[in-house]
Peer 1: 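This is the structure I want to talk about, given as structure tokens.
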Amino acid sequence: MCELFLNDNEQVDNLFLKDLKIIQKKGCFRYGTDAVVLSDFAAKYIKKDSTVLDIGTGTGILPILLSAKTNAKKLIGLEIQEEMAELAARSVKMNEDSGALEKNRITIKCGDINNSAELFDRRSLDAIVTNPPYKRRGAGILNDSDKLNIARHELSCTLGDIIEKAAYLLKPSGEFLMINHTERLADAIEEMRKNKIEPKELKFVYSNIVEKPVLFLIRGVLFGGKNLVIEKGIEVK
């Protein structure tokens, strides 16, 4: 049955979670452990019957993982690249057809978060998750692949754009949950506070617990009170 969903240079990977699978393509952005770590972190704060948006969904990995790890009513993946959005939509359809995913629970939208006012109603979302491009605009070495560059570098939107639009879309007390490179931590906190998303929880991710952290997980609450807790870090091999 999977062949019906595949194009050239694509494969189906088993997520080993409630029979869920995902389609991935060579030469395009492929999900990594950061998506799995973020889904575990976010799942604790996504309430039953909530509506959740994943900004920059790529392959659709976060909505698919969160469909198994939470009781969210609606999961939306927003992706600016048309080819990636179409691939993510096929993964959703494949899982629906196999019975691993409830129909119409996940929706994939192709669009630009900078046009969020045209795509979503203001104050309509209970939670937003994002695994954004890690590299600042103008920083880092670009790849030969435009698709990979958009996923890794701030070419289509900046961290500030994402946080500003999240503040526009979240309900009061809505959750903002993100993973990013440690070099962006100061930027993240600055942008979150500027947009009234108060940092509430911070956790570092290590490839080796005795070395410097490589990533951070952060949770913020729109219009939340000031009280940041730094949790015990996690090691990911």
Side-chain angles (χ1 to χ4, degrees), residues 1-42 53-69 75-101 105-113 129-159 162 178-181 183-184 205 207 214-215 217 236-237:
M1 180 187 70
C2 290
E3 286 77 6
L4 298 175
F5 296 94
L6 295 179
N7 294 324
D8 292 340
N9 297 319
E10 293 180 348
Q11 66 187 55
V12 174
D13 292 327
N14 195 327
L15 296 178
F16 301 101
L17 180 67
K18 296 188 176 180
D19 297 322
L20 291 165
K21 297 178 174 61
I22 193 164
I23 301 170
Q24 301 199 91
K25 183 172 184 176
K26 297 176 182 177
C28 291
F29 182 78
R30 299 165 70 88
Y31 87 89
T33 54
D34 47 358
V36 178
V37 169
L38 176 56
S39 69
D40 287 340
F41 179 73
L53 172 65
D54 172 29
I55 299 175
T57 199
T59 59
I61 183 62
L62 274 170
I64 291 172
L65 289 175
L66 289 172
S67 72
K69 296 179 181 182
L75 296 151
I76 306 164
L78 180 66
E79 173 57 43
I80 194 170
Q81 298 188 71
E82 185 175 352
E83 182 181 355
M84 293 302 295
E86 189 273 336
L87 182 146
R90 280 189 283 122
S91 284
V92 171
K93 182 68 164 57
M94 179 179 65
N95 284 299
E96 288 177 342
D97 287 357
S98 72
L101 178 64
R105 191 173 174 212
I106 296 179
T107 299
I108 304 296
K109 286 180 176 283
C110 184
D112 185 344
I113 189 58
V129 298
T130 186
N131 182 5
Y134 292 163
K135 292 297 182 182
R136 291 184 186 89
R137 185 169 288 174
I141 299 172
L142 295 177
N143 193 279
D144 291 335
S145 168
D146 290 340
K147 299 180 182 65
L148 289 176
N149 287 330
I150 290 173
R152 295 171 178 170
H153 299 259
E154 291 183 337
L155 299 181
S156 61
C157 67
T158 66
L159 180 59
I162 290 172
M178 179 177 69
I179 190 167
N180 211 318
H181 197 278
E183 68 185 31
R184 305 305 307 274
V205 181
S207 57
V214 291
L215 299 168
L217 294 153
V236 177
K237 296 296 186 179

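Note that these values count all heavy atoms, side chains included, but never hydrogens, waters or copies made by symmetry.
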Peer 1: For residues 54-69, which residue pairs pass the side-chain hydrogen bond (donor to acceptor under 3.5 Å, both in side chains) check, not counting sequence neighbours?
Peer 2: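 For residues 54-69, and leaving out neighbouring residues, the side-chain hydrogen bond (donor to acceptor under 3.5 Å, both in side chains) pairs sorted by first residue read Ser39-Lys69, Asp40-Lys69, Asp54-Thr57.
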
Peer 1: Applying the side chain to side chain contact (heavy atoms under 4.5 Å, CB included) criterion to Met94, which one of Leu6, Val12, Ile22 satisfies it?
Peer 2: Val12

Peer 1: Roughly how far, to the nearest 0.5 Å, is CG of Asn95 from CD1 of Ile106?
Peer 2: 7.5 Å

Peer 1: Give me the atom names and distance for the closest heavy-atom approach of His181 to Val214.
Peer 2: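 Closest pair (atom of His181, atom of Val214, distance): CD2-O, 3.5 Å.
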
Peer 1: For the atom pair CD (Gln24) and CG (Asn9), what is the distance rounded to the nearest 0.5 Å?
Peer 2: 13.5 Å

Peer 1: Report the C-alpha separation of Val129 and Leu53 in whole Å, then their side-chain angles, then the decisive distance to 0.1 Å, and conclude whether the side chain to side chain contact (heavy atoms under 4.5 Å, CB included) test is met.
Peer 2: CA-CA 6 Å; Val129 298; Leu53 172 65; over 6 Å; no

Peer 1: Kindly give the heavy-atom pair with the smallest separation between Ala35 and Asn131, and that separation in Å.
Peer 2: N-ND2, 4.2 Å

Peer 1: Taking all heavy atoms of Ile55 and all of Thr130, pick out the closest pair and write down the distance.
Peer 2: O-OG1, 3.0 Å

Peer 1: Is the shortest heavy-atom distance from the side chain of Cys110 to the side chain of Glu79 under 4.5 Å?
Peer 2: no

Peer 1: Under 4.5 Å between any side-chain heavy atoms of Met84 and Lys25, yes or no?
Peer 2: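 No, too far: nothing below the 4.5 Å cut-off.
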
Peer 1: Between Arg30 and Gln11, is there a side-chain heavy-atom distance shorter than 4.5 Å?
Peer 2: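 A side-chain contact exists here, since the closest heavy-atom pair is under 4.5 Å.
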
Peer 1: Could you state the interatomic distance from NZ (Lys21) to CG (Leu101), rounded to the nearest 0.5 Å?
Peer 2: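 It is 12.5 Å, given to the nearest 0.5 Å.
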
Peer 1: So do Leu66 and Ile64 actually touch side chain to side chain, heavy atoms under 4.5 Å?
Peer 2: no

Peer 1: Taking Glu96 first and then Arg105, would you say they form a salt bridge - that is, a charged N and a carboxylate O separated by under 4.0 Å?
Peer 2: no

Peer 1: In Å and rounded to the nearest 0.5 Å, what is the CG to CZ distance from Asp34 to Phe41?
Peer 2: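 CZ of Phe41 is found 14.0 Å from CG of Asp34.
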
Peer 1: Under a 4.5 Å cut-off applied to non-hydrogen side-chain atoms, are Ile76 and Pro63 in contact?
Peer 2: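 Contact flag for Ile76/Pro63 side chains = no.
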
Peer 1: Within the 4.5 Å heavy-atom criterion, are Ser207 and Lys237 side-chain neighbours or not?
Peer 2: no

Peer 1: Taking all heavy atoms of Ala88 and all of Gly60, pick out the closest pair and write down the distance.
Peer 2: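 Closest approach of Ala88 to Gly60, heavy atoms only: CB-N, 3.8 Å.
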
Peer 1: Are Cys157 and Ile162 side-chain neighbours, meaning at least one heavy-atom pair lies under 4.5 Å?
Peer 2: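 A side-chain contact exists here, since the closest heavy-atom pair is under 4.5 Å.
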
Peer 1: How many angstroms lie between CZ in Arg184 and CG in Leu215, if you round to the nearest 0.5 Å?
Peer 2: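 Between atom CZ of Arg184 and atom CG of Leu215 there are 13.0 Å.
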
Peer 1: Any chance you could measure Ile179, atom CD1, to Leu62, atom CG, to the nearest 0.5 Å?
Peer 2: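 If I round to the nearest 0.5 Å, the distance is 9.0 Å.
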
Peer 1: Heavy atoms, side chains only, cut-off 4.5 Å: are Ile61 and Leu65 in contact?
Peer 2: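 Yes, close enough: below the 4.5 Å cut-off.
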
Peer 1: Heavy atoms only: give me the nearest Ala100-Asp19 pair and the separation to one decimal.
Peer 2: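 Of all heavy-atom pairs spanning Ala100 and Asp19, the closest is CB-O, 3.6 Å.
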
Peer 1: Would Arg90 and Glu10 satisfy salt bridge (charged side-chain N to carboxylate O under 4.0 Å, His left out), going step by step from the backbone distance to the final call?
Peer 2: CA-CA 12 Å; Arg90 280 189 283 122; Glu10 293 180 348; 2.8 Å; yes

